[in-house]
2 protein chains.
Amino acid sequence: MDKEIRRTMPVFPMSIVQKLTGLSARQIRYYEQHQLIHPERTEGNRRMFSLNDVERLLEIKSLLDEGVNLAGIKHVLNMKPLENEHPSSRSEHPKKDLSNADVMKYLKTELIEAGKYGKSSLIQGELSRFFH
Amino acid sequence: MDKEIRRTMPVFPMSIVQKLTGLSARQIRYYEQHQLIHPERTEGNRRMFSLNDVERLLEIKSLLDEGVNLAGIKHVLNMKPLENEHPSSRSEHPKKDLSNADVMKYLKTELIEAGKYGKSSLIQGELSRFFH
DNA sequence: AAATGATGTAAGAAATCCTAACATGCCTTG
DNA sequence: CAAGGCATGTTAGGATTTCTTACATCATTT
């Protein structure tokens, strides 16, 4: 009964998550500071990550590669916290299940709005010069 | 491509393996010392365990509960190292796939032999008093 | 030019893990 | 029954890893 390792169990230390995601410790801590992830802590205050945390970090990395900034990533990830949160830290989120298509639609409208008003609320750098 | 976590990847530190298996650090190190497991090491010499290592430890624990001693467990586990070894530490083992029935048969003959000669090569304590 | 966002780096403290050694309790054996 | 071996607990000192905080850097935005 204890044999199965749940996806929400905090089992990976920082060093392993760095190797698994290719992110630096600085980045990972920064994303936590900005509420993109919520890793657990040991009694001694060391971060411990679950499989879901790692996958979430990979999502973040992927979105970063696409030029989305942290504020934008936060919006996207907050739309589907149901499967990524630890059971301990879950609260009364507005949990709507949404598909990849929904996320893309959201990002596209954000982009269009940004283009209209000459201000990108989500994208910085690369893509932002396509709108002005 | 990096998203899938292989069963042989060393990802769990000692503290997590203790919680996952219910074994003490002393026990885990002792089993390694006696070649029952072969966890990897970080650059800084810290043990890092794979999922297979953890499952192997659970097998060990289960066999211990049944009264099998370390020498016996070593025999049993050495009969099926193909799926439990790290790819890095694999060598030209006589890798025969064997079923639970095979293992049980092996254990039973060992028990019978032990009974015959008045010496238990595998079992100590509980069961040993059934033979003498 | 100044402000902001994202990340790197460094320092000092604290937590975790390492090995080695000695202690303990239970069997087994002579 | 005493001696030895097995499996584990405990302790000590040292090394490694992680933590927080602060400051630096570089690109982008205002």
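Chain letters run A, B, ... following the sequence lines, proteins first, then strands; residues in each count from 1.
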For this session: Might you work through the side-chain contact (heavy atoms from CB on, under 4.5 Å) test for B:E59 and B:V76, ending with a clear yes or no?
Result: CA-CA 10 Å; B:E59 281 194 76; B:V76 173; 5.7 Å; no
For this session: Starting from the C-alpha separation in whole Å, work towards a yes-or-no answer on side-chain contact (heavy atoms from CB on, under 4.5 Å) for A:R47 and A:E40.
Result: CA-CA 6 Å; A:R47 269 167 270 254; A:E40 307 260 311; over 6 Å; no
Problem set entry | side-chain contact (heavy atoms from CB on, under 4.5 Å) between A:L64 and A:Y31, intermediate numbers included | CA-CA 12 Å; A:L64 277 175; A:Y31 303 156; 2.9 Å; yes
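Taking the side chain of B:R47 as heavy atoms from C-beta on, and the options D:dT20, D:dA7, C:dT19, the nearest nucleotide is C:dT19. Nearest nucleotide to the B:S15 side chain, out of C:dT19, C:dT16, D:dA7: C:dT16.
A straight line from CZ of A:R46 to C1' of D:dT20 spans 13 Å, rounded to a whole angstrom. Rounded to an integer number of Å, the gap from CG of B:L70 to P of D:dT8 is 6 Å. Counting to the nearest Å, the C1' atom of D:dA7 and the CD atom of B:Q33 are 11 Å from each other. For the pair A:E40 CD and D:dT18 P, the interatomic distance rounds to 18 Å; values are reported in whole Å. Between B:I16 atom CD1 and D:dT18 atom C1' there is a gap of 14 Å when expressed in whole angstrom units. As rounded to whole Å, 10 Å separates atom C1' of C:dC17 from atom CE of B:M48. In this structure, B:L23 places its CG atom 11 Å from C1' of D:dT8, rounding to the nearest Å. Counting to the nearest Å, the C1' atom of D:dT29 and the CG atom of A:N69 are 12 Å from each other.
Looking at which nucleotide of DNA chain C each of A:R29 and A:H34 is closest to, the 5′-most match is held by A:H34. Each of B:R26 and B:N45 was assigned the nucleotide of DNA chain C with the nearest heavy atom; the assignment lying further toward the 5' end belongs to B:N45. Projected onto DNA chain D by closest heavy-atom contact, B:Y30 and A:M14 fall at different nucleotides, the more 5' of which corresponds to B:Y30. The nearest heavy atom of DNA chain D to B:S24 and to B:T42 marks one nucleotide each, and the one closer to the 5' end goes with B:S24.
Under the 3.5 Å distance criterion, with hydrogens and angles disregarded, no donor-acceptor pair is assigned to the side chains of B:S62 and B:D65.
Regarding contacts with the backbone of D:dA7, every side-chain N or O of B:Y31 stays at 4.0 angstrom or more from both OP1 and OP2.
Considering B:I60, B:N52, B:L77 as possible partners of B:I37, the one that fulfils the side-chain contact (heavy atoms from CB on, under 4.5 Å) test is B:I60.
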